[in-house]
Amino acid sequence: MTEQKILLKMQNITKRFGKVTALKDVNLEVKEGEVHALVGENGAGKSTLMNVLSGIYPYGSYEGDIIFDNETCKFSKIHDSESKGIVIIHQELAMVPYLSIAENMFLGNERTAAYSNGVIDWPRTFQRAKELMDLVGLDEDPHTLIKDIGVGKQQLVEIAKAISKNCRLLILDEPTASLNESESQKLLDLIAKFREEGMTSIIISHKLNEISYIANSITVVRDGSTIETLDNNNHEVSEDRIIAGMVGRALTDRYPKRSPEHKISDEVLMEITDWTVHHPLNLDRKVNDNVAITIHKGEVVGLAGLMGAGRTEFAKSLFGKSYGTKISGHVKIHGKEVHLNIVSDAIAAGLAYVTEDRKGDGLVLENPISTNMTLANLEGVSDKGVIDHDLELKTAKELKQDLNVKCATVLQNVGNLSGGNQQKVLLAKWIFAHPDVLILDEPTRGIDVGAKYEIYCLINKLVEQGKAVLMISSELPEVLGMSDTVYVMNEGKIVAKMPRSEASQESIMGAILRTSGKKRTLEQ
């Protein structure tokens with residue numbers, strides 16, 4: 001059997017940001033024609049390493065060597081790496097929403113007509129775009145605006161864009177983080193197809209089941225250093241084995257147990273009845289229809305469902321009617337009916353909402369950690385309407401310690417933190433508001449197993465203090481592992497309620513299929 005050629009070598013890569021060493025003597029070897037996974041906790045250095053490789057961090061800003069196809073490379077910008085066939089697709093897709101698929105695909109790499117003095121050849125552009133779309137399995141008109149297609153299809157546009165640059169090494173950073181199971185599987189199958197055709201890929205992902213499924217080799221990075229590279233050609237590397245390398249220890253139980261003394265109270269902390277929400281752009285359409293949910297003191301209630309089931313819209317509508325205006329129904333907290341017309345009403349009533357979009361809606365990325373942590377309760381750090389900055393700093397330091405936020409200082413901009421630490425800052429922001437009921441919408445999306453475990457521990461701590469949690473999650477194992485009671489939402493309605501002892505992936509899926517009349521794939 002012929003030994004595979006080494007396409008890429010990164011040798012002794014060290015990268016510093018001021019006094020912080022992000023990468024220390026990292027080594028990586030990628031074989032031609034393989035899918036190579038790069039795994040590690042948030043902040044381990046995975047994305048930093050790929051930014052070095054792609055020229056985002058130019059030669060001279062790091063130590064070490066990049067050898068691609070037996071040639072030592074000194075990339076000073078992204079264009080340099082792309083000219084060699086190295087193309088990176090970031091987790092945050094770089095799309096212009098009001099340009100067409102074809103325009104986005106060739107942005108910065110325009111198709112020009114011969115002897116046209118740089119004038120774009122539009123017929124050639126749209127024809128080539130359609131050819132590339134067929135190649136990646138994207139069944140759309142190339143004239144369609146990017147804003148009018150979903151995230152899964154936008155990923156395919158990015159991959160087609162990469163292929164248009166004669167890609168030899170495709171780097172995908174969290175490619176399935178915002179996709180449902182069906183979309184994720186299609187994307188993984190596409191990567192496998194490209195592998196069969198000889199393309200090499202590096203994939204960064206926190207979804208370890210996907211890594212086990214698709215990767216030939218797995219390199220583990222921890223605290224800025226390479227720990228090991230595992231051979232997964234026979235797909236025998238278990239998720240537990242990967243986790244042990246990532247966190248430096250075996251994680252025997254991914255869902256921590258609560259204190260044996262903890263009991264769910266008979267007291268109903270929050271009761272929602274007859275909750276109906278109309279679509280803001282089409283008032284004849286109901287996004288939620290007569291939803292009823294009861295949450296007890298000390299209880300975690302999980303809300304499961306399919307993509308588009310109406311779970312996030314339901315959460316936002318509760319939180320001060322921040323989704324739509326035509327909303328009806330009743331909410332009682334501590335047995336007293338409350339009217340949540342604006343967000344400040346919800347906060348005053350003891351309700352908090354941790355959004356699924358921490359970067360877009362949850363945090364002010366260009367502001368310090370300290371101001372983000374206190375933003376939902378400015379009265380708690382103010383005196384007669386004036387913010388006490390010393391108190392704000394003291395409070396932020398205490399929250400940082402309580403939630404184990406990894407940062408140099410709480411004066412650091414929150415946008416510079418890893419995803420897991422940003423999520424902890426967002427949780428700290430709402431914990432400081434002292435809510436009775438915390439709504440968590442996809443609380444662990446895009447973060448590693450170690451950070452997930454810490455957030456699960458925090459959820460347990462909150463309910464052990466007598467608070468209640470309503471958790472929306474697209475990861476069914478998470479819903480089943482953390483919830484005391486599971487509600488299932490389908491097409492805007494609650495279609496099942498089951499205690500933890502009766503809940504399973506099969507029973508949840510069965511409830512959805514019985515009420516939808518068509519088979520759909522459950523999100524994960």
Side-chain angles (χ1 to χ4, degrees), residues 7-8 30-37 50 54 68-69 78-79 81-97 99-113 120-205 210 213-216 521:
L7 180 65
L8 170 71
V30 179
K31 296 173 183 175
E32 190 169 44
E34 75 168 350
V35 176
H36 195 113
M50 292 300 98
S54 61
F68 185 73
D69 201 14
I78 293 178
H79 178 74
S81 62
E82 289 184 345
S83 68
K84 296 290 185 183
I86 301 171
V87 183
I88 184 169
I89 299 176
H90 296 280
Q91 182 177 356
E92 308 294 334
L93 300 181
M95 293 283 173
V96 182
L99 291 184
S100 68
I101 291 173
E103 288 169 315
N104 272 278
M105 200 178 292
F106 293 106
L107 193 61
N109 185 30
E110 287 79 8
R111 310 289 94 171
T112 56
I120 295 174
D121 184 339
W122 288 113
R124 181 180 167 214
T125 295
F126 284 99
Q127 179 184 349
R128 181 58 179 153
K130 183 59 179 171
E131 291 170 359
L132 291 167
M133 290 164 64
D134 290 342
L135 192 63
V136 301
L138 178 56
D139 185 18
E140 289 285 346
D141 186 326
H143 295 83
T144 302
L145 299 184
I146 284 292
K147 72 177 184 66
D148 294 328
I149 62 174
V151 175
K153 292 183 177 181
Q154 288 180 23
Q155 282 279 11
L156 295 179
V157 174
E158 283 280 21
I159 292 173
K161 182 177 180 179
I163 296 170
S164 76
K165 298 174 181 177
N166 301 314
C167 178
R168 294 185 62 198
L169 174 61
L170 180 63
I171 305 165
L172 301 119
D173 192 350
E174 296 288 353
T176 64
S178 300
L179 306 185
N180 64 27
E181 185 187 13
S182 176
E183 291 171 329
S184 297
Q185 189 61 51
K186 287 179 183 177
L187 183 58
L188 294 174
D189 290 342
L190 182 61
I191 295 169
K193 174 190 169 188
F194 289 153
R195 174 174 57 195
E196 291 170 5
E197 296 170 355
M199 184 184 289
T200 308
S201 300
I202 297 175
I203 182 170
I204 299 172
S205 179
E210 295 179 357
Y213 169 77
I214 194 68
N216 303 102
T521 304

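The figures that follow rest on heavy atoms only: side chains count, while hydrogens, waters and symmetry mates do not.
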> Applying side chain to side chain donor-acceptor pair (under 3.5 Å), can you list everything that pairs with Thr125, at least two apart in sequence or on another chain?
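Once residues adjacent in sequence are excluded, Thr125 has no partner under the side chain to side chain donor-acceptor pair (under 3.5 Å) criterion.
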> Do Ile159 and Leu187 come close enough that some side-chain heavy atom pair is under 4.5 Å?
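Of all side-chain heavy-atom pairs linking Leu187 with Ile159, at least one is under 4.5 Å.
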> Return the set of residues passing side chain to side chain donor-acceptor pair (under 3.5 Å) with Asn109 (not counting sequence neighbours), or none when no residue passes.
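Asn109: side chain to side chain donor-acceptor pair (under 3.5 Å) contacts with Arg111.
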> So, taking the atom named CD in Gln127 and the one named CG in Leu132, what distance separates them when rounded to the nearest 0.5 Å?
10.5 Å
> Strictly distance-based, threshold 3.5 Å: is any side-chain N or O of Gln155 a donor or acceptor partner for the main-chain N or O of Ser184?
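No, because the side chain of Gln155 does not come within donor-acceptor range (under 3.5 Å) of the backbone of Ser184.
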> Can you name the closest pair of heavy atoms from Lys153 and Glu140 and give their distance?
NZ-OE2, 2.5 Å
> For Lys186, give me all partners under side-chain contact (heavy atoms from CB on, under 4.5 Å), at least two apart in sequence or on another chain.
Ser182
> Considering only residues two or more places apart or on different chains, which pairs with a residue in residues 164-173 satisfy salt bridge (charged side-chain N to carboxylate O under 4.0 Å, His left out)?
Glu32-Arg168, Asp69-Arg168, Glu82-Lys165
> Determine whether Met105 and Arg128 make a side-chain contact, defined as any pair of heavy atoms from C-beta on separated by less than 4.5 Å.
no
> Which residues satisfy the side-chain contact (heavy atoms from CB on, under 4.5 Å) test with Asn166, sequence neighbours excluded?
none
> Would you compute the distance between atom CG of Leu188 and atom OG of Ser205 and round it to the nearest 0.5 angstrom?
8.0 Å
> As an exercise, state the distance from CD1 of Ile214 to CD1 of Ile203, rounded to the nearest 0.5 Å.
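Ile214 CD1 to Ile203 CD1: 7.0 Å, rounded to 0.5 Å.
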> Kindly write out the residues that satisfy side-chain contact (heavy atoms from CB on, under 4.5 Å) with Glu103, not counting sequence neighbours, or none if the list is empty.
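With sequence neighbours excluded, Glu103 shows a side-chain contact (heavy atoms from CB on, under 4.5 Å) to Leu99, Ser100, Trp122, given in chain and number order.
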> Nearest heavy-atom pair of Lys193 and Leu135: which atoms, and what distance?
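In terms of heavy atoms, the two residues are closest at NZ-O, 3.1 Å.
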> Just to verify, what does Glu174 make a side chain to side chain donor-acceptor pair (under 3.5 Å) with, not counting sequence neighbours?
His206
> Sorted by first residue and then second, give each ring pair (Phe, Tyr, Trp, His ring centres under 6.0 Å) pair with at least one member in residues 145-179; sequence neighbours left out.
none
> Taking Asp134 first and then Lys130, would you say they form a salt bridge - that is, a charged N and a carboxylate O separated by under 4.0 Å?
yes
> Can you tell me how far the CD1 atom of Ile202 sits from the OG atom of Ser54, to the nearest 0.5 Å?
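If I round to the nearest 0.5 Å, the distance is 10.0 Å.
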> May I have all residue pairs that pass side-chain hydrogen bond (donor to acceptor under 3.5 Å, both in side chains) and include part of residues 194-204, sequence neighbours excluded?
Arg195-Asn216
> Could you give all pairs that pass the ring pair (Phe, Tyr, Trp, His ring centres under 6.0 Å) test and reach residues 181-201, with sequence neighbours left out?
none
> Find out whether Ile163 and Met199 are in side-chain contact, i.e. whether some heavy atom of one side chain is under 4.5 Å from a heavy atom of the other.
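Result yes, sub-4.5 Å side-chain heavy-atom pair found.
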> Looking at CG of Asp121 and CZ of Phe106, how far apart are the two atoms once the value is rounded to the nearest 0.5 Å?
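Between atom CG of Asp121 and atom CZ of Phe106 there are 11.0 Å.
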> Going by atom type alone, with no hydrogens or angles, which donor-acceptor pairs under 3.5 Å involve a side-chain atom of residues 141-150 and a protein atom two or more places apart or on another chain?
| residue | atom | partner | partner atom | Å |
| --- | --- | --- | --- | --- |
| Asp141 | OD1 | His143 | N | 2.8 |
| Asp141 | OD1 | His143 | ND1 | 2.9 |
| Thr144 | OG1 | Asp141 | O | 2.9 |

> Drop me the distance from Ile120's CD1 to Glu110's CD, to the nearest 0.5 angstrom.
5.0 Å
> Please step through side chain to side chain contact (heavy atoms under 4.5 Å, CB included) for the pair Glu158 and Met95, ending with a clear verdict.
CA-CA 8 Å; Glu158 283 280 21; Met95 293 283 173; 3.2 Å; yes
> Apply side chain to side chain donor-acceptor pair (under 3.5 Å) to Glu210 and list each qualifying residue two or more places apart in sequence or on a separate chain.
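Testing Glu210 for side chain to side chain donor-acceptor pair (under 3.5 Å), a comparison that skips the adjacent residues, returns Thr176.
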> Locate the shortest heavy-atom distance separating Phe68 from Lys84; write the atom from each residue and the value.
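Smallest interatomic distance, heavy atoms only, reads CE2-O, 3.3 Å.
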> Determine the minimum heavy-atom distance between Leu156 and Gly137, stating which atoms define it.
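The pair with the smallest heavy-atom distance is CD1-O, 4.2 Å.
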